[in-house]
Amino acid sequence: MTQQVRVRFAPSPTGLLHIGGARTAIYNWAFARRAGGVFVLRIDDTDPERSTPENTEQILRSMRWLGLDWDEGPEVDGAYGPYFQMKRAAHYAEALESLKASGHTYPCFCTQEELEAKRAAARSGESSGGYDGTCRRLGSDVARERIDAGESCVWRLAVPQDRGEIVVDDVVRGETVFPAMSVDDFVLVRSDGTPTYNFATVVDDAAMAITHVIRGDDHLSNTPKQVLVFEALDAAVPQFAHLSMILGPDGKKLSKRHGATSVEAFHDEGILPEALLNYLALLGWSLDGETTIISAETLQENFALERISKNPAIFDVEKLEWMNGVYIREMSPEQLVERMVPWLAEAGLGTRETLGARRAWLEELAPLVSERVKRMTEIAPAVTFLFGDAVEIDPVAADKALAAEGAPGVLEAATAALDGVTAWTAEGIEAALRSLPEALGMKPKPVFQAVRVAVTGSLVSPPLFESLALLDRTVALRRLRAAAELARSR
RNA sequence: GGCCCGUUCGUCUAGCGGUUAGGACACCGCCCUCUCAAGGCGGAGAUCACGGGUUCGAAUCCCGUACGGGCUACCA
């Protein structure tokens, strides 16, 4: 019998969903989908100091934006809830009781100061570090008395003395062996009664019947501890898969220093969710070594833990941008318009309503910009000249194209030619302007550059004829005349 | 310090005993061209971290070393 695959992504709401967490979530999600299993979202909010509801909201929003839907978790009821650790106190209490009954835990009365002293001694001396077991030797009667006397204590795991080696079966790393000696009697429950991470995680993973734990590399060293807790609880140990870290361009752990690291920041900076998902999926996993563009569907159908790479990966924004450009170019005009309207509105080029009323016009504009932008944020600046009457002419562009020899004549000729165009379409406009260079005895480039600067205000723009066609003829002519005036005055 | 993990073009990776070490981003050149892009074609770029083994044969297996990283909390 094969049991149902159940995986979980367990972010801590002490911050936003960042790139590393997002990738972990993607892998868990894809793995669950591929296996026809269940993807659980659990909020590990056991740090009351730093956890906030805003962060939780933010995380949920980022997950949804990326298209990572969960089967159980916040706002999605399931049979294994609640899905906030803060609401699971009863489970931890119950687990602690069972550990007390089986003798796998003991109370420790050592103070912070004593522990600090022990640690300092251990560092300078020989001992292997970790808790020295003072309270483990106390004897249950004495312990009982001190608890009854109201002395506060933590509960530590009594690591079996004869455990030998702990073998962690990791799909990514292979079998990793830890000497049980290297695991000390760590704290399960704090003196205030709250569980520590290594305890809560295991209690929940066991209670939620998690079959595969896919998480960051930084937890690999915690795994032997957790294996011991699973064993003490007499629970099945899940299959593990530890993912390498994502690093910044300098090879150091990714942080704010490296710029945007939260999923939300990428959204704000014009990255599409499908591109981020694609990029992250391939940062540490590969379909075949050839494929670079992969859809969420393909990912769900092909993701395999076995193809996760072991080495840490450096986050390369340039490649992400390239990928984002690919997705922008792949969109149909209708799709692109749908997606770019909010960005245009935000840039002040209209409201969603006024822009919505110009759908057909926007759909003609879309293909003109789609192949020259990498991020959604670049669209508005590239098409601003198509909105409004006048255009602001870039001084450098004016110097280069308008102050050039013959510019006034070019602009006058262009004005006349366009004035006579019968069909105001890209084709009609091109037909009218094509013959201009020859008629003026000039090379094509300076002629079209002068017109471009006059109409778009810039030396760089979408194709001239198509752009003109999207402008009102009167607006275009007015701009040409204004530029001619400007050119003459130079 | 102890215990773990990692190391193939600048970057992401393919490779799982025999390959001219493949692909993608970035870079360079050419073509296309009204600018910028996009696209097409081509190029440069990896003594597979280093040193020992095993083997007829090693990027691939084993052992060291170096470098990088993680854990070693009443953080997660």
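The sequence lines fix the lettering, A, B, ..., with proteins before strands; numbering per chain opens at 1.
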Heavy atoms only, 4.0 Å cut-off, all strands: where does A:Phe448 land among base, sugar-phosphate and nothing? sugar-phosphate

With a 4.0 Å cutoff (strictly under), does any side-chain N or O of A:Arg173 reach OP1 or OP2 of B:G69? no

What is the distance, rounded to the nearest whole Å, between atom CZ of A:Phe385 and atom P of B:C36? 16 Å

Of the options B:U13, B:A76, B:A26, whose atoms approach the side-chain atoms of A:Glu318 most closely? B:A26

Taking atom C1' of B:A37 as reference, at what distance in whole Å does atom CG of A:Leu464 sit? 15 Å

A:Glu438 atom CD, neighbour heavy-atom count above 12 within 6.0 Å: no

What is the separation between atom CE on A:Met245 and atom P on B:C4, rounded to the nearest whole Å? 19 Å

Of all the choices, B:C12, B:G6, B:U33, which nucleotide is nearest to the side chain of A:Lys319 once you look at every atom? B:C12

Could you give the CD1-to-P distance, from A:Ile393 to B:U35, as a whole number of Å? 20 Å

Would you classify A:Val154 as touching base, sugar-phosphate or nothing, given that sugar-phosphate means primed atoms plus P, OP1 and OP2, and contacts are heavy atoms under 4.0 Å? base

Check whether any side-chain N or O of A:Ser309 sits under 4.0 Å from OP1 or OP2 of B:U13, and answer yes or no. yes

Given B:C12, B:A76, B:G69, which nucleotide is nearest the side-chain atoms of A:Ala313? B:C12

So, is A:Ser286 near the phosphate of B:A14, with a side-chain N or O under 4.0 Å from OP1 or OP2? yes

Nucleotide opposite B:G1 in a Watson-Crick or G-U pair, distances under 3.5 Å: B:U72

Remember a base hit wins even if backbone is also touched, and classify A:Val447 as base, sugar-phosphate or nothing at under 4.0 Å, heavy atoms. nothing

The nucleotide from B:A76, B:C3, B:A37 with an atom nearest the side chain of A:Arg372 is B:A37

Please work out if A:Leu459 contacts a base, only the sugar-phosphate, or nothing of the nucleic acid, heavy-atom cut-off 4.0 Å. base

Under 4.0 Å, counting only non-hydrogen atoms across every strand here, what does A:Phe465 touch: a base, just sugar-phosphate, or nothing? base

Could you state the NZ-C1' distance from A:Lys310 to B:C5, rounded to the nearest angstrom? 10 Å

Under 4.0 angstrom, heavy atoms only, what part of the nucleic acid is A:Gly251 near: base, sugar-phosphate, or nothing? nothing

Return the pairing partner of B:A24 with a 3.5 Å limit on both distances, Watson-Crick or G-U wobble; otherwise return none. B:U11

Which part of the nucleic acid, if any, lies within contact of A:Glu466, taking any heavy atom under 4.0 Å across all strands shown: a base, the sugar-phosphate backbone alone, or nothing? base

Indicate, with a heavy-atom threshold strictly under 4.0 Å, whether A:Pro462 touches base, sugar-phosphate, or nothing. base

For B:C5, take OP1 and OP2 only and decide whether either is under 4.0 Å from a side-chain N or O of A:Asn311. no

Report which part of the nucleic acid A:Pro463 touches: base, sugar-phosphate, or nothing (heavy-atom distance under 4.0 Å, all strands). base

Categorize A:Gln112 for me: base, sugar-phosphate, or nothing, with a 4.0 angstrom heavy-atom threshold over every strand shown. base

Heavy atoms from C-beta onward define the side chain here; which of B:U33, B:C74, B:C5 lies closest to that of A:Asp217? B:C5

Describe the nucleic acid contact of A:Thr292 in one word from base, sugar-phosphate, nothing, applying a heavy-atom distance below 4.0 Å. sugar-phosphate

Looking at A:Thr14, does any N or O in its side chain come under 4.0 Å of the phosphate oxygens OP1/OP2 on B:A76? no

Atom CZ of A:Arg329 and atom P of B:G39 are separated, to the nearest Å, by 5 Å

Remember a base hit wins even if backbone is also touched, and classify A:Arg307 as base, sugar-phosphate or nothing at under 4.0 Å, heavy atoms. sugar-phosphate

Axial cation check for A:Trp155 ring with A:Lys100, 6.0 Å and 45° limits: yes

A:Ile308 has an atom CD1; how far is it from atom P of B:U13, in whole Å? 11 Å

Between the side-chain atoms of A:Ser191 and the base atoms of B:C74, is any donor-acceptor pair under 3.5 Å? yes

Could you walk me through whether A:Ile26 and A:Leu280 pass the side chain to side chain contact (heavy atoms under 4.5 Å, CB included) check? CA-CA 8 Å; A:Ile26 291 168; A:Leu280 253 20; 3.7 Å; yes

Would you classify A:Asp288 as touching base, sugar-phosphate or nothing, given that sugar-phosphate means primed atoms plus P, OP1 and OP2, and contacts are heavy atoms under 4.0 Å? sugar-phosphate

Value in whole Å for how far the C1' atom of B:G23 lies from CD1 of A:Ile294: 15 Å

Nearest of B:A38, B:U35, B:A76 to any side-chain atom of A:Val460? B:U35

Just call it for A:His219: base, sugar-phosphate, or nothing, with non-hydrogen atoms closer than 4.0 Å on any strand. base

